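Below is one structure, written out as structure tokens; comments come after it.
Per chain, numbering begins at 1; letters A, B, ... match sequence-line order. Just so you know, these numbers come straight off a predicted model, no measurement behind them.
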There are 2 protein chains.
Amino acid sequence: MEDGCEDEVLTSEELLAVLAAIGHPIRLRVIAELAAGQVHVSELARRLGVSRPLLYMHLERLEKAELVHGRLELSPDGKALKYFELAPFHLTLTPDTVLAALRADQQETRHD
Amino acid sequence: MEDGCEDEVLTSEELLAVLAAIGHPIRLRVIAELAAGQVHVSELARRLGVSRPLLYMHLERLEKAELVHGRLELSPDGKALKYFELAPFHLTLTPDTVLAALRADQQETRHD
DNA sequence: TCCACCTGTAATATTCAACTTACAGGTGGA
DNA sequence: TCCACCTGTAAGTTGAATATTACAGGTGGA
């Protein structure tokens, strides 16, 4: 059975982006909320007790790291709602994965 | 065969500390250097091309997260050297581990 | 003695993520 | 029309992490 998870080789830059994206109290809670199913921005802001512009920034950060995915959807009554859903991720963190990331950087610079 | 690695249940606070500790370009390289064996501070600073006071701060951060461990050692000729070594860590990052961390927080607050 | 190493910290700048506030615009329904 | 929702962004502020510089002190050996 296949699933769309990662465990691909990340460059250190990508690794750092993911670590920074997950590593924030609000973003942890965003991930937790989205784990239960998709939610639109205003509703999510209400649940977390966070201002909407602030939530926007956090969602942006999570989306850039490809941990969540947002999509504009029209509700039955014609109102536009921005739904976000979780991108199931799987990342292992050990000395070896750190070494692998730094090795991946050197591969990168060779293709320039 | 046993090893001293983690995969214990972390609170979100502990999880965030580890993520922040690993999530910095210099600290990634520190981990990589120490993966090959213990190194003393001045030597490590030279290898990374980083000032010693700056390196001190990064090592402090890594040590607080228990990712590295420092110990003062006397060389054969009587000079004091501060050696750092890597604490082998193993951390899995998925939506479920995030949920588990937030659940662990609630356990914490009940024991107050 | 002086030099070449080393440890350790305090005080200060600088940079950047995080957060707030305020705005402009859209829809459907009362 | 007004109200209650929604999306989206452009300021500006603040505060913590990062980084620099400068200092005080120790050792062994030439």
Side-chain angles (χ1 to χ4, degrees), chain A residues 12-31 33-34 37-65 67-85, chain B residues 12-31 33-34 37-65 67-85:
Chain A
S12 71
E13 198 173 357
E14 292 166 333
L15 176 60
L16 288 170
V18 174
L19 292 181
I22 298 181
H24 187 283
I26 291 181
R27 294 195 285 265
L28 284 185
R29 294 171 59 210
V30 168
I31 291 172
E33 284 293 336
L34 295 187
Q38 62 168 26
V39 188
H40 69 83
V41 178
S42 291
E43 168 64 17
L44 186 54
R46 248 177 274 124
R47 288 192 198 171
L48 298 177
V50 159
S51 80
R52 198 169 46 82
L54 179 56
L55 181 56
Y56 259 82
M57 188 223 283
H58 288 302
L59 286 170
E60 206 170 276
R61 229 171 141 69
L62 286 167
E63 192 164 34
K64 272 185 190 159
L67 295 173
V68 305
H69 173 244
R71 122 191 81 85
L72 202 55
E73 195 170 293
L74 285 144
S75 64
D77 56 338
K79 291 186 178 170
L81 299 178
K82 178 89 170 200
Y83 274 96
F84 274 87
E85 63 186 4
Chain B
S12 73
E13 198 174 356
E14 292 166 333
L15 175 61
L16 289 171
V18 175
L19 291 180
I22 298 180
H24 187 284
I26 291 183
R27 294 196 284 265
L28 283 185
R29 293 171 59 209
V30 168
I31 292 172
E33 285 292 338
L34 296 187
Q38 62 168 30
V39 187
H40 69 82
V41 178
S42 291
E43 169 65 16
L44 186 53
R46 246 176 276 124
R47 289 193 199 170
L48 298 178
V50 159
S51 79
R52 199 169 45 80
L54 180 57
L55 181 56
Y56 259 81
M57 186 225 283
H58 287 302
L59 286 170
E60 206 171 277
R61 226 170 142 68
L62 286 167
E63 192 164 33
K64 273 184 191 161
L67 294 174
V68 306
H69 173 245
R71 118 192 85 85
L72 202 54
E73 195 171 294
L74 284 144
S75 65
D77 58 338
K79 290 186 178 172
L81 299 177
K82 178 89 170 199
Y83 275 97
F84 274 87
E85 64 185 3

* Asked: How many Å lie between CG on L62(B) and P on dA17(D), as a whole number?
  -> 14 Å
* E85(A) atom CD: more than 12 heavy-atom contacts under 6.0 Å -> yes
* Structure fact -> By ring pair (Phe, Tyr, Trp, His ring centres under 6.0 Å), Y83(B) pairs with (sequence neighbours left out) H40(B)
* To do: Under 4.0 Å between any heavy atoms, over every strand shown, what does K79(B) touch: base, sugar-phosphate, or nothing? Just pick one.
  => base
* Asked: Taking atom C1' of dA17(D) as reference, at what distance in whole Å does atom NE2 of H58(B) sit?
  -> 9 Å
* Asked: So how far is it from E73(B) CD to K82(B) NZ, rounded to the nearest 0.5 Å?
  -> 11.5 Å
* Contact boundaries of DNA chain C with chain A (under 4.0 Å, heavy atoms), 5' to 3'? -> dA18(C) to dG28(C)
* Structure fact -> Minimal heavy-atom distance between L54(B) and I26(B), with the atoms involved, is CD2-CD1, 4.1 Å
* To do: Look only at the side chain of R27(B) and the backbone of A21(B), and say whether a donor-acceptor pair between them is shorter than 3.5 Å.
  => yes
* To do: Scan residues 46-57 of chain A for pairs that pass salt bridge (Lys or Arg N to Asp or Glu O under 4.0 Å), counting only residues two or more places apart or in two chains.
  => E33(A)-R47(A), E43(A)-R46(A), E43(A)-R47(A)
* **Contacts of type side-chain contact (heavy atoms from CB on, under 4.5 Å), residue K79(A), not counting sequence neighbours** => S75(A), D77(A)
* What nucleic acid atoms does V41(B) come within less than 4.0 Å of, heavy atoms only: base, sugar-phosphate, or nothing? -> sugar-phosphate
* Separation of dA22(D) P from R52(B) CZ (nearest whole Å) -> 15 Å
* Can you give the dot-bracket line for DNA chain C, where a pair is Watson-Crick or G-U wobble with both atom distances under 3.5 Å, crossing pairs use [ ], and | marks a partner on another strand? -> ||||||||||||||||||||||||||||||
* I22(B) versus L28(B): any side-chain heavy-atom pair under 4.5 Å? -> yes
* For L16(B) and dA17(D), what is the distance between atoms CG and C1' respectively, to the nearest whole Å? -> 15 Å
* To do: Please tell me which of E43(A) and P53(B) maps to the more 5' nucleotide of DNA chain D, matching each residue to the nucleotide holding its nearest heavy atom.
  => E43(A)
* To do: Kindly compute the distance separating CZ (F84(A)) from CD (Q38(A)), expressed to the nearest 0.5 Å.
  => 11.5 Å
* What is the distance, rounded to the nearest whole Å, between atom CD of E60(B) and atom P of dA16(D)? -> 17 Å
* Between residues 24-31 of chain B and DNA chain D, which residues have a heavy-atom gap below 4.0 Å? -> H24(B), I26(B), R27(B)
* For the student: nearest non-hydrogen atoms of L16(B) and G23(A), plus distance -> CD2-C, 3.4 Å
* With a 4.5 Å heavy-atom cut-off, do V30(B) and L55(B) have their side chains touching? -> yes
* To do: Round to a whole Å and report the spacing from CG of L54(A) to P of dA10(D).
  => 17 Å
* Find the distance M57(A):CE to dG12(D):C1' and express it as a whole number of Å. => 12 Å
